[in-house]
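Structure first, then comments.
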Amino acid sequence: MPIYFDHNATTPLDPRVLEAMQPYLAGPYGNPSSLHRYGRAARDAVEAARAQVAALAGAQPGEVVWTSGGTESDNLALQGATEGQRPTRVLYGATEHPAVLETAEALRGHGWVVETIAIDGDGLVDWPAFEAQLARGPLRIAALMAANNETGVIHDVGRAAGLVRAAGLVRAAGGLLLCDAVQAAGKIPLDFAACGADLMSLSAHKLYGPKGVGALLRKAEVELAPLLHGGGQERGLRGGTENVAGIVGFGAAAELARTGLEARAAHCLALRERLAAGLHGLPGVTIFGERAPRLPNTLQFALKGWEGEALLMALDRKGIAVSSGSACSSGKGEPSHVLLGMGLPRDLAYGAIRVSLGQDNTAAEIDRFLVVLAELRMAAAA
Ligand code: PLP
């Protein structure tokens, strides 16, 4: 049986989510903006989903802006918060996802000063450096992810928001905090109201929902310019007819994630600990971010003597799907920017393999993985 250990890349669609979506694919065909009964039925479904997604993240329904996924949410946050503003500074964590990193970097060309927030060898924010950085000048927006997609390291978003707020008060600069919670949602509790972030990105396909739908949570007072102009949907923040079936699926997935969060997290953590115990028994294994709080489903490691992509392909031939940390899709063969951002040496970063577990994985699959890994190690050594 093939083994899927790549849930941080994407999750399978939960059959209950598909069931919730089906009527909106094959049934009512109204446009949520239409005033007649077809339109009103679609609008009701979109609004019910809005409440479900808000509940997962501890937000108000009115704070949810539908998008096409995490990438668009990050773009809307960073581009939308800087468009038309007098350029000052934008900061982002050195281990952020490319959806944040590349969007922030693109702002350089528009007069913004763009700097990275230093991350230490455990994958955590270097707080004294961050505080000093905040004191150096005005800030428009800082981005810090709730949890890293490669290492699973969880950030103290509340602390970052407090520092940004305090710096903003001192300098009257009105700095904002964007939290990319794409990987955290459905794996650890989120509280948009309490954590102090002004903007938060979410994506349905990381929590057993459909691909191509996400949300940006936005505090009412945050001024944003839209990326997509059009029919005034989403209170003018995102023009375009809503993806009704996708949104209904996201709502259903969010509801399942909220009610099943503890059980899912406990299941994944037990498997991850079994995996970690097995890996510790193999010589030459480094587990990244191991001393930091991490997502219960995520473990990234390197095996001495193996290059990550080579190990990924060897595992694939054995029917096991994992991810390597390197940017294989770009064809550049560059090691993971996350591990380099943590200050780890390039040769170690080249070896990175990420295992990301899900609700359907089993202890037998972990045991099989460990056996295959030991065999590959032996074969390489021979
Ligand atoms: N942010 C993080 C932390 C992610 O892990 C991902 C996807 O891997 C994204 C953003 C992009 O989300 P999407 O695939 O929905 O565009």
Side-chain angles (χ1 to χ4, degrees), residues 4-13 17 53 56-57 64-79 92-106 117 119 123 125 141-155 157 160 177-188 190 197 199-217 227-228 238 243 246-247 249-250 253-254 257 288-289 294-295 297-300 321-330 336-339 341-342 352 354-358:
Y4 186 75
F5 280 167
D6 202 13
H7 292 80
N8 287 9
T10 195
T11 51
L13 192 67
V17 172
V53 168
L56 173 68
V64 175
V65 181
W66 300 121
T67 65
S68 64
T71 301
E72 187 188 325
S73 300
D74 289 335
N75 273 266
L76 176 57
L78 290 166
Q79 293 189 47
Y92 66 88
T95 56
E96 292 293 303
H97 188 273
V100 164
L101 185 158
E102 293 193 9
T103 309
E105 286 296 331
I117 301 166
I119 300 292
V125 174
I141 186 164
L144 184 67
M145 64 206 318
N148 186 266
N149 45 300
E150 288 187 20
T151 58
V153 168
I154 296 170
H155 289 298
V157 175
L177 185 75
L178 162 66
C179 172
D180 178 331
V182 166
Q183 289 296 342
K187 296 175 188 147
I188 54 172
L190 289 177
L199 296 155
M200 183 177 274
S201 301
L202 304 172
S203 178
H205 76 103
K206 308 289 187 182
L207 43 90
Y208 305 92
K211 294 174 180 60
V213 56
L216 179 67
L217 308 181
L227 294 181
L228 301 181
R238 209 256 185 183
N243 168 8
I247 287 170
F250 189 8
F288 300 113
R294 281 171 303 147
L295 293 175
N297 79 317
T298 308
L299 189 150
Q300 192 184 33
V322 295
S323 156
S324 75
S326 60
C328 43
S329 55
S330 71
S336 153
H337 79 278
V338 170
L339 298 176
M342 288 163 59
R354 176 187 70 188
V355 172
S356 50
L357 304 163

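First listed ligand is number 1; within each ligand, the first listed atom is number 1. Side chains are part of it too, since the values below use all heavy atoms of this structure and drop only hydrogens, waters and symmetry mates.
- Remark: ligand 1 and Q183 share an N or O pair separated by less than 3.5 Å (distance only, no angle test).
- With a 4.0 Å cut-off on non-hydrogen atoms, V182 touches ligand 1 through its side chain and not its backbone.
- Side-chain atoms of N149 and D180 include no donor-acceptor pair closer than 3.5 Å.
- A donor-acceptor pair is defined here as one N or O able to donate and one able to accept, closer than 3.5 Å; such a pair exists between the side chain of N148 and the backbone of T95.
- Side chains of N8 and S323: no donor on one and acceptor on the other come within 3.5 Å.
- Looking only at side-chain heavy atoms (C-beta outward), L207 and F250 come within less than 4.5 Å of each other.
- Annotation: atom 15 (O) of ligand 1 to nearest protein heavy atom, S203 OG, 2.6 Å.
- On a distance-only criterion, G70 and ligand 1 share at least one N/O pair closer than 3.5 Å.
- For ligand 1, the atoms sitting less than 4.0 Å from at least one non-hydrogen atom of M145 are 3 (C), numbered in the order shown with element in parentheses.
- Counting only residues at least two apart or on different chains, the salt bridge (charged side-chain N to carboxylate O under 4.0 Å, His left out) pairs with a member in residues 65-75 are E72-R238.
- Some N or O of D180 is nearer than 3.5 Å to an N or O of ligand 1, by distance alone.
- For atom 14 (O) of ligand 1, the choice among K206, H205, E96 with the nearest heavy atom turns out to be H205.
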